[in-house]
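Here's the structure we're looking at; comments come further down.
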Amino acid sequence: MQELSTDVLVVGGGPAATWAALDAARAGVDVVLADKGYCGTSGATAAGGTGVWYVEPEPAAREAAMASREALGGYLAGRRWMGRVLERTYDIMNELADSGSYPFPTGPDGRQLRNGLQGPEYMRRMRIRIRRAGVRVLDHSPVTELLTAADGSVAGAAGYRRQEGHGYRVRAGAVVLATGGCAFLSKALGTDTNTGDGALYAAEVGAEMSGMEFSNAYGIAPEHTSVTKTAFYSFATFYQEDGAVLEGAASQGGRSVIARALLEGKVYCRLDRADEAARAAMRLAQPNFFLTFDRLGVDPFTERFAVTLLAEGTVRGTGGIRITGDDCRTTVPGLYAAGDAATREEICGGFTGGGSHNAAWAMSSGSWAGRGAAGYALALGAGAVGRAVSPAGGAGLRPLGNRDADAREVIRAVQGEVLPYDKNYLRHGEVLTGALDVLDETWARLRSGLHGTGREVVAARQAAALTANARWMYRSALARTESRGMARRLDFPEQDADQHHRIASGGLDRVWTRPLTAVAA
Amino acid sequence: MIELVSPERCISCDKCIKVCPTDVFDRGADGIPVIARQSDCQTCFQCEANCPTDALFVAPQTHPQPPFDELALAESGLLGSYRAQIGWGRGRTPGSLRAVGPALGTAPITS
């Protein structure tokens, strides 16, 4: 067992984690970043590319930016948060450009285009930056549980260094969870590291979730492949098996038509609305989009190809750990949440945060959480790392019964309830209730019998996290007896003015939900 | 999924072992990385992008494929194509400098 101590521990390795680590370090404290995979390649951003919600500070432009998703999100976002995210994102993107930390392209008007980032380049350079700032990076070191002090505040974490083959503990003044959302191991691009671990660990120390009903984002990809780059499918026409156009199907506003058709058979697609200029621009903007086609030997502009919808859960949904302050604190002292691990309702409401908003949120919330955690640790003083700590992990680590559950079997059971379009995408109360029964039973079984040791502890904890996330998701979806944002219900197709509130959720052996009636600010 | 590690091209730098976010590789006895946990591969192409000798090939399918012929892949230009496109490697221009995307209209860009 390796023992470390630090002021701020950041859990995760994507954009939110690296911004948290960087801004904590710049606030003058000692920082350790522990990532499940490799900081620089882990997570949904590094594998892809993303638009960024970068808007010039002109009142009309900012107003339009804030208004653009408000109705789509069911009016659950908050103008004050949108304003501060736009402001912080603008500063951060300019800092990346002005410090030479990211090579932005130049647009047709001769000005730099600062509204997008290629994932591999962005995250490679963020890794370099945090190391230069003195952050100690632990790669392939999945955190498996939080540690708490006697007063219940979070005081570090324990994990497993899977390439070294031993456990470790980090005692810390404060912890930032930036572990990403939960995409249920669907193999959507870059999301298999995002198994909702942070939400499980947060719940085990008493933190709450919010917006978990906004968790049924599905991305379009060529059948049997991983690259979900849904924006480019705005150039698509979708076809039925017999070659007829699939009426009503679209990347935006017609994806449920695709889901319904996929339940019946195959759906084909051709990006036949892209002209020559758009085709060339797409290749330059997102080369990874074309990897799939080049290697399948398909020309997506002239040939039809079969498509699928891959679950992106809360990665492109907006639900996550509930934050209760401008510094992204949670309801638990010493615990902060950032990026997709946290709820993004503050800026997206119930609409997808995919693309520009999640990227802006990751850097802004990461930056705030890092500073917040640094301030908290500094206030605790030097005695912080000497506190007596207890491990907070339960399911998969400390089974309550005989050790007879299998992580892979648990994962398959959860996937069977959350991946199918006719359960999670096209939601109906009766179906959700049945699925939740299975998930509750799965939880009882794993809480009693799931036990991992060595590197298997990581698989066991991931299985527990997937199950916990799925239960908050469906419990929240059942609590919202209306259709709002992406949380649509076949049995309640209308938006209900009396349910204009967010829904908190939490609990493990007993899952609960509660309306958050205070209006968004 | 990761399908090929070319022992001829590999220089045993361990970079793929280090950067794979889902820890798919183990170090082989001869220094050449072994695809030890292929089912954990998430088809993110990052090992390929980071390989300095274009010794790796990730097929686009998320399930295992029949063996690929290295020579044919090399001749088709697919070995190392992602690394070239993002402009990584000596003498190349970062792809991000050229990443001027298409106009996507007024709909919110969500991915």
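In the text below, chain A, chain B and the rest are named by the order of the sequence lines, each starting its count at 1.
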Query - For chain B, the option from A:Ala285, A:Pro108, A:Pro105 that forms the most heavy-atom pairs under 4.5 Å - result: A:Pro105
Which one, [options], leads in non-hydrogen pairs under 4.5 Å with chain A?
{"options": "B:Gly101, B:Ser96, B:Ala99", "answer": "B:Ser96"}
{"options": "B:Arg27, B:Gln42, B:Gln85, B:Gln61", "answer": "B:Gln42"}
{"options": "B:Val58, B:Leu73, B:Asp40, B:Asn50", "answer": "B:Val58"}
{"options": "B:Phe45, B:Phe57, B:Tyr82", "answer": "B:Tyr82"}

Query - Salt bridge A:Lys187-A:Asp192, side-chain N to carboxylate O under 4.0 Å - result: yes
Using non-hydrogen atoms only, which part of [X] is less than 4.5 Å away from chain A: side chain, backbone, both, or neither?
{"X": "B:Gln65", "value": "neither"}
{"X": "B:Ser39", "value": "backbone"}
{"X": "B:Cys47", "value": "neither"}

Query raised in the report: Honestly, is A:Arg69 close enough over A:Trp53, meaning NZ or CZ under 6.0 Å from the six-membered ring centre and within 45° of the axis?
Result: no
Sort [X] into side chain, backbone, both or neither according to what part of it lies under 4.5 angstrom from a heavy atom of chain B.
{"X": "A:Asn288", "result": "both"}
{"X": "A:Asp139", "result": "neither"}
{"X": "A:Arg124", "result": "side chain"}
{"X": "A:His224", "result": "both"}
{"X": "A:Tyr233", "result": "neither"}
{"X": "A:Ala46", "result": "both"}
{"X": "A:Arg455", "result": "side chain"}

Query raised in the report: Do A:Thr195 and A:Lys36 have side-chain atoms, one donor and one acceptor, less than 3.5 Å apart?
Result: yes
Requested in this report: Could you grab the distance from atom CZ of A:Phe235 to atom CZ of A:Arg273, nearest 0.5 Å is fine?
Outcome: 10.5 Å
Requested in this report: Say whether, by atom type as modelled, one donor and one acceptor occur between the side chain of A:Thr228 and the main chain of A:Ala188 under 3.5 angstrom.
Outcome: no
Report task. Give the ring-plane orientation class for A:Phe232 versus A:Phe290, where under 30° counts as parallel, over 60° as perpendicular and anything between as tilted. Result -> tilted
Query raised in the report: Does B:Glu75 have any salt bridge (charged side-chain N to carboxylate O under 4.0 Å, His left out) partners at least two apart in sequence or in another chain, and if so, which?
Result: none
Query raised in the report: After noting the C-alpha distance and the side-chain angles of B:Glu48 and A:Arg295, does the key distance pass the salt bridge (Lys or Arg N to Asp or Glu O under 4.0 Å) rule?
Result: CA-CA 14 Å; B:Glu48 239 196 80; A:Arg295 290 168 190 213; 2.6 Å; yes
Query raised in the report: Would you call B:Val24 and B:Ile2 a side-chain contact if the rule is heavy atoms closer than 4.5 Å?
Result: yes
Query raised in the report: Given side chains that start at C-beta, do those of A:Phe305 and A:Pro300 come closer than 4.5 Å, heavy atoms only?
Result: yes
